[in-house]
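To keep things clear, I will list the structure first and then write my remarks on it.
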2 protein chains.
Amino acid sequence: MFSRSSKYAIKGVLYLALHASVENKIQAKDLSAPINAPAPYIAKLLQELARHNMVSSVKGPHGGFYLDEVNLQMNIMQIIEIIDGEDKFRSCLLSLEQCNSENPCPLHNLVGDQKLGVIHNLENTTIKELVADVKQGNSILPL
Amino acid sequence: MFSRSSKYAIKGVLYLALHASVENKIQAKDLSAPINAPAPYIAKLLQELARHNMVSSVKGPHGGFYLDEVNLQMNIMQIIEIIDGEDKFRSCLLSLEQCNSENPCPLHNLVGDQKLGVIHNLENTTIKELVADVKQGNSILPL
DNA sequence: TCTTAAATATGACGAATATCATGTTTTTCG
DNA sequence: CGAAAAACATGATATTCGTCATATTTAAGA
């Protein structure tokens with residue numbers, strides 16, 4: 001459903017949101033183990049996210065990654081769009097150009113409503129809210 | 001959401017269901033244009049589907065592919081499982097081993113219900129019903 | 001029975017994605 | 001300042017997935 005890159009990115013962001021802060025930045029190499037992703041790869045992804053202001057970073061000694069209040073207001077859909085591109089999610093299930101709500105493809109009616117629901121939820125829940133959920137024990141974030 | 005292979009396969013099956021029959025079989029190379037997929041590739045996919053009894057085929061002159069009544073009772077999920085594998089769809093969104101309804105990952109609560117809905121719909125609608133929808137003008141099947 | 005037309009089986013090629021490696025820039029600290 | 005520690009930038013390699021090509025098998029019809 002998501003690309004592997006997106007999964008790593010999402011896990012990385014959530015982990016940072018949960019465990020990092022301005023006073024306690026986390027380095028790329030220290031993210032590798034807890035989210036179960038190769039270190040150089042997660043580093044590259046975090047840089048891409050930083051370039052798009054999804055995460056904050058500082059260079060040099062005692063540098064690393066963290067999320068500031070602005071970053072915490074971002075949502076999962078934005079991560080996916082940065083990593084996988086805009087329309088990976090929104091396009092027709094069969095990649096039919098002519099497909100839309102007026103001229104739906106056979107699968108459109110079958111799963112269209114759920115798809116819209118998924119998109120809506122991914123867009124309208126902030127990282128902060130997701131992390132609050134973890135803190136309250138309503139969800140978990142292991143490897 | 002689906003792999004390109006799955007999309008080709010689904011379009012191929014739907015096209016066959018709509019236009020082919022025992023008396024009027026369709027060859028792989030004649031599927032290429034209408035579903036906008038490379039001929040050798042769709043041939044390979046159809047063979048895989050035939051091996052799993054998702055479509056019917058006969059060799060030799062006047063041979064080709066079509067769907068019999070049994071094939072028409074199959075559903076989209078079965079196509080996806082044959083082409084992409086069993087758990088591509090059912091596994092956790094973040095590929096977390098420990099994630100399940102009791103121990104949900106942060107995304108689980110967010111889209112879990114919709115995901116179950118999608119799976120249910122894909123499993124419980126037959127090819128025949130989808131094609132009936134097209135015949136009635138409720139959906140379309142272009143390139 | 002021989003030729004031909006189709007699916008089938010297998011593998012080679014290419015492109016996209018995931019992974020790794022190297023060097024450069026920035027910042028802290030002695 | 002100068003050295004070290006980190007992100008940053010770029011590109012190289014590997015693996016997966018999509019595409020293509022070739023040879024084999026099966027069945028129809030003359």
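- Checking C:dA6, D:dG18, D:dC20 against the side-chain heavy atoms of B:Ser3 singles out D:dG18 as nearest.
- A:Ser139 and B:Asn109 share no side-chain donor-acceptor pair at under 3.5 Å.
- Between D:dG29 and B:His62, a contact under 4.0 Å exists linking OP1 or OP2 to a side-chain N or O.
- Listed candidates were C:dA6, D:dA9, D:dT19. Nearest to the side chain of B:Lys29 is C:dA6.
- Remark: P of D:dT19 and CG of B:Leu31 are 15 Å apart, rounded to the nearest angstrom.
- The distance from atom OH of A:Tyr41 to atom C1' of C:dA21 is 16 Å, rounded to the nearest whole Å.
- Proximity of a side-chain donor or acceptor of B:Asn71 to a complementary backbone N or O of B:Asn53 within less than 3.5 Å is detected.
- Proximity of B:Ser57 to the phosphate of C:dA7: no side-chain N or O atom is located under 4.0 Å from OP1 or OP2.
- B:Ala28 comes within contact range of the sugar-phosphate backbone alone, with a heavy-atom separation under 4.0 Å but no base atom that close.
- Side chains of A:Thr125 and A:Ile76 form no contact here, defined as non-hydrogen atoms less than 4.5 Å apart.
- Distance A:Glu48 CD to D:dC8 C1': 12 Å, rounded to the nearest Å.
- Close to C:dT19, at under 4.0 Å from its OP1 or OP2, lies a side-chain N or O of A:Tyr8.
- Here the side chain of B:Lys59 is nearest to one of C:dA6, C:dT28, D:dC20, namely C:dA6.
- Atom-to-atom, CG of A:Asp84 to P of C:dT17 comes out at 9 Å; the value is rounded to the nearest Å.
- Judged purely by distance below 3.5 Å, without hydrogens or angles, the side chains of A:Asn75 and A:Thr126 never pair a donor atom with an acceptor atom.
- A straight line from NE2 of A:His52 to P of D:dC8 spans 13 Å, rounded to a whole angstrom.
- Residue B:Gln47 contributes atom CD, which lies 11 Å from atom C1' of C:dA6 at whole-angstrom precision.
- In this model, no side-chain donor or acceptor of B:Lys44 finds a partner on the base of D:dG18 within 3.5 Å.
- Within the nucleic acid shown, A:Gln27 comes within 4.0 Å of sugar-phosphate atoms alone, with no base atom in reach, counting heavy atoms only.
- Within the structure, a side-chain polar atom (N or O) of B:Arg4 is placed less than 4.0 Å from OP1 or OP2 of D:dT19.
- Between the P atom of D:dA6 and the NZ atom of A:Lys25 lies a distance of 11 Å, rounded to the nearest Å.
- Between the side chains of B:Tyr41 and B:Ser5, at least one donor N or O sits under 3.5 Å from an acceptor N or O.
- For D:dA7, the OP1/OP2 oxygens have no side-chain nitrogen or oxygen of A:Arg51 closer than 4.0 Å.
- Distance, A:Phe65 CZ to D:dA6 P: 12 Å, rounded to whole Å.
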